[in-house]
Amino acid sequence: MNTELLAAGGPALSPIVAGAWRMADWHLTAAQRLRWIEQCVELGVTSFDHADIYGGYAVETLFGEALALAPALRERLQLVSKCGIRLVDRARPAHRVKHYDTSAAHLIASAEASLRALRTDRLDLLLIHRPDALMDADEVARAFESLRAAGKVRHFGVSNFTPAQFELLASRTPLVTNQIELHPLRREPIHDGTLDQLQRLRLRPMIWSPLAGGALLAGGDAAARRVQAVLAEIAASHRVSSATVAFAWLLRLPSRPLPLAGSRRIEALREAVAALALRLDAQEWTALWQAGSGQEVP
Ligand SMILES: NC(=O)c1ccc[n+]([C@@H]2O[C@H](COP(=O)([O-])OP(=O)(O)OC[C@H]3O[C@@H](n4cnc5c(N)ncnc54)[C@H](OP(=O)(O)O)[C@@H]3O)[C@@H](O)[C@H]2O)c1
């Protein structure tokens with residue numbers, strides 16, 4: 001599995017990206033974390049998604065510790081991180097209220113802290129994690145330019161932005177993606193212009209929680225159970241797993257999303273990668289849309 005361009009000028013990422021959000025919950029040793037990274041790479045999953053805040057500001061350090069055991073591996077990886085959220089956390093005693101901060105000073109300091117924690121000299125991609133009502137687009141553009149000129153960050157994008165918010169920042173600085181939540185239980189980006197905008201601009205979305213955090217496969221409410229039943233039916237007809245079908249549902253979209261797989265189990269990563277070889281037809285795709293929404297398309 002080779003890397004693919006996220007946007008015309010890069011970055012090149014693996015078509016399935018590994019998400020590191022939950023890594024602190026896995027309670028692995030540094031050697032076990034390294035083994036997880038290496039097994040991802042063996043599957044062709046060479047891109048890793050981070051954020052400064054993951055694991056209470058701890059995950060980037062855990063990943064960097066593992067990478068320090070095999071520093072040459074860095075050249076085979078693409079590292080993505082995010083910034084702009086300030087959590088109330090033991091690690092940040094000055095924060096009284098969870099809030100957003102897209103000031104140039106914070107974006108630059110946060111990116112530099114990510115580099116130190118990940119033990120790398122550059123990020124392949126940095127995203128503004130959430131839209132910030134107090135965001136000054138010119139100031140963000142200046143921060144991005146300064147990080148780019150210093151060679152610290154190669155490309156920039158956003159996450160969870162509406163099309164209007166994306167348009168505003170893109171009017172000041174080049175953006176390569178909008179990382180959004182999308183699955184049959186959260187279909188809004190298909191209908192609110194988010195995916196249309198990205199397809200128009202030939203920028204590929206990154207998709208977080210592609211399995212709704214596991215709810216597409218077990219548990220959940222009535223809608224989740226409807227989706228689970230249809231996934232199982234389609235999976236049986238193709239002799240693949242339900243998770244593979246859930247990833248294939250995203251990969252079928254013409255904006256060509258890159259899903260983020262969030263499992264610690266390599267078998268789950270393998271099921272995600274298997275979706276690259278499965279093309280759902282329009283009826284299968286729509287049956288899953290319908291299971292999520294509870295009604296047929298108009
Ligand atoms: N930009 C944002 O705002 C944002 C927000 C949230 C997440 N993210 C990114 O998106 C990544 C993925 O999110 P996610 O972890 O919620 O993804 P997900 O793939 O929807 O959910 C993964 C979770 O589902 C569980 N699961 C249960 N059965 C599974 C199966 N058969 N196959 C795979 N997983 C199964 C996994 O547990 P096991 O580990 O036991 O398999 C894991 O806890 C994160 O790591 C993070 O990088 C971004």
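One-based numbering, in listed order, for ligands and for the atoms of each. What's counted below: heavy atoms across the whole structure, side chains too, no hydrogens, waters or symmetry copies. The first residue in the sequence is number 1, and the count goes up from there.
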Asks: Tell me whether I53 is reachable from L126 by hopping between hydrophobic residues (I, L, V, M, F, W, Y) whose side-chain heavy atoms are closer than 4.5 Å.
Replies: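 Linked, L126 and I53 end up in one cluster.
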Asks: Report, in ascending order of atom number, the atoms of ligand 1 lying under 4.0 Å from any heavy atom of R264.
Replies: 39 (O)
Asks: Of all the atoms in ligand 1, which lie at a distance below 4.0 Å from a heavy atom belonging to D49?
Replies: 9 (C), 46 (C), 47 (O)
Asks: Output the list of atoms in ligand 1 that are nearer than 4.0 Å to some heavy atom of A20, sorted by atom number.
Replies: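 Once the distances to A20 are compared, the set is 45 (O), 47 (O).
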Asks: Which of the listed options, R265, M206, E267, holds the heavy atom that is closest to atom 35 (C) of ligand 1?
Replies: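 When every heavy atom of R265, M206, E267 is considered, R265 comes closest to atom 35 (C) of ligand 1.
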Asks: Kindly confirm or rule out an N or O of Q179 lying under 3.5 angstrom from an N or O of ligand 1.
Replies: yes
Asks: Is the shortest distance from a Lys or Arg side-chain nitrogen in K82 or D49 to a carboxylate oxygen in the other one below 4.0 Å?
Replies: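 Yes, charged N to carboxylate O under 4.0 Å.
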Asks: Would E42 and R35 pass as an ion pair if we require N to O under 4.0 Å?
Replies: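 The answer is yes: the pair qualifies as a salt bridge.
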Asks: Hey, looking at atom 21 (O) of ligand 1, which of G213, G262, A51 has the closest heavy atom?
Replies: G213
Asks: Is the distance between the ring centroids of W249 and W289 less than 6.0 Å?
Replies: no
Asks: Are H50 and V80 side-chain neighbours, meaning at least one heavy-atom pair lies under 4.5 Å?
Replies: no
Asks: Where does L127 meet ligand 1, judged by heavy-atom distances below 4.0 Å: at the side chain, the backbone, both, or neither?
Replies: neither
Asks: Determine, for R122 against E75, whether the closest basic-nitrogen to carboxylate-oxygen distance falls under 4.0 angstrom.
Replies: yes
Asks: Which of the numbered atoms in ligand 1 are under 4.0 angstrom from any heavy atom belonging to L217?
Replies: 28 (N), 29 (C), 30 (C), 31 (N), 32 (N)
Asks: Which residue owns the protein heavy atom closest to atom 16 (O) of ligand 1, what's the atom, and how far is it?
Replies: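 Protein heavy atom with the smallest distance to atom 16 (O) of ligand 1: S209 OG, 2.6 Å.
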Asks: Could you name the option among Y54, F247, W21 that has the heavy atom nearest to atom 48 (C) of ligand 1?
Replies: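 Minimum heavy-atom distance to atom 48 (C) of ligand 1 goes to Y54.
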Asks: Are R148 and E145 close enough for a salt bridge, meaning some N to O gap below 4.0 Å?
Replies: yes
Asks: Before signing off on this row, confirm whether L211 and ligand 1 have an N or O atom pair separated by under 3.5 Å.
Replies: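 Between L211 and ligand 1, an N or O pair is found under 3.5 Å apart.
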Asks: Could you list which atoms of ligand 1 come closer than 4.0 Å to a heavy atom of A212?
Replies: 20 (O)
Asks: Report, in ascending order of atom number, the atoms of ligand 1 lying under 4.0 Å from any heavy atom of L260.
Replies: 9 (C), 10 (O), 11 (C), 12 (C)
Asks: Going by distance only, is there an N or O of A243 that falls short of 3.5 Å from an N or O of ligand 1?
Replies: no
Asks: Can you confirm whether the side chains of D52 and S114 place a donor and an acceptor under 3.5 Å from each other?
Replies: no
Asks: Protein heavy atom under 4.0 angstrom of atom 14 (P) of ligand 1, is there one?
Replies: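 Yes.
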Asks: Record the part of S159 in heavy-atom contact with ligand 1 below 4.0 Å; permitted values are side chain, backbone, both and neither.
Replies: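 Looking at S159 and ligand 1, just side chain atoms fall under 4.0 Å.
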Asks: Hey, are the side chains of L195 and L253 touching, using non-hydrogen atoms and a 4.5 Å cut-off?
Replies: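 With C-beta onward as the side chain, the pair touches.
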Asks: When you check the gap from the basic side-chain N to the acidic O, do D124 and R76 get nearer than 4.0 Å?
Replies: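 No, no charged N to carboxylate O under 4.0 Å.
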Asks: V140 versus M135: any side-chain heavy-atom pair under 4.5 Å?
Replies: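 With C-beta onward as the side chain, the pair touches.
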Asks: Do T177 and R204 touch side chain to side chain, with heavy atoms closer than 4.5 Å?
Replies: no
Asks: Below a 4.0 angstrom heavy-atom separation, can you tell me which part of H183, side chain or backbone, both or neither, approaches ligand 1?
Replies: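 It is neither; nothing of H183 touches ligand 1.
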Asks: Nearest protein heavy atom to atom 22 (C) of ligand 1, by residue and atom, and its distance?
Replies: R22 NE, 3.8 Å
Asks: Which atoms of ligand 1 are found less than 4.0 Å from any heavy atom of G214?
Replies: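 Matching atoms, with element in brackets: 21 (O), 24 (O).
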Asks: What atoms of ligand 1 come within less than 4.0 Å of a heavy atom belonging to A268?
Replies: 32 (N), 33 (C)
Asks: Take every heavy atom of K82, measure it against each atom of ligand 1, and state whether any distance is under 4.0 Å.
Replies: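 Per 4.0 Å heavy-atom rule, K82 contacts ligand 1.
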Asks: Applying the 4.5 Å side-chain criterion to the ILVMFWY set and letting contacts propagate, would L115 and I108 be lumped into a single cluster?
Replies: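 Hydrophobic grouping puts L115 with I108.
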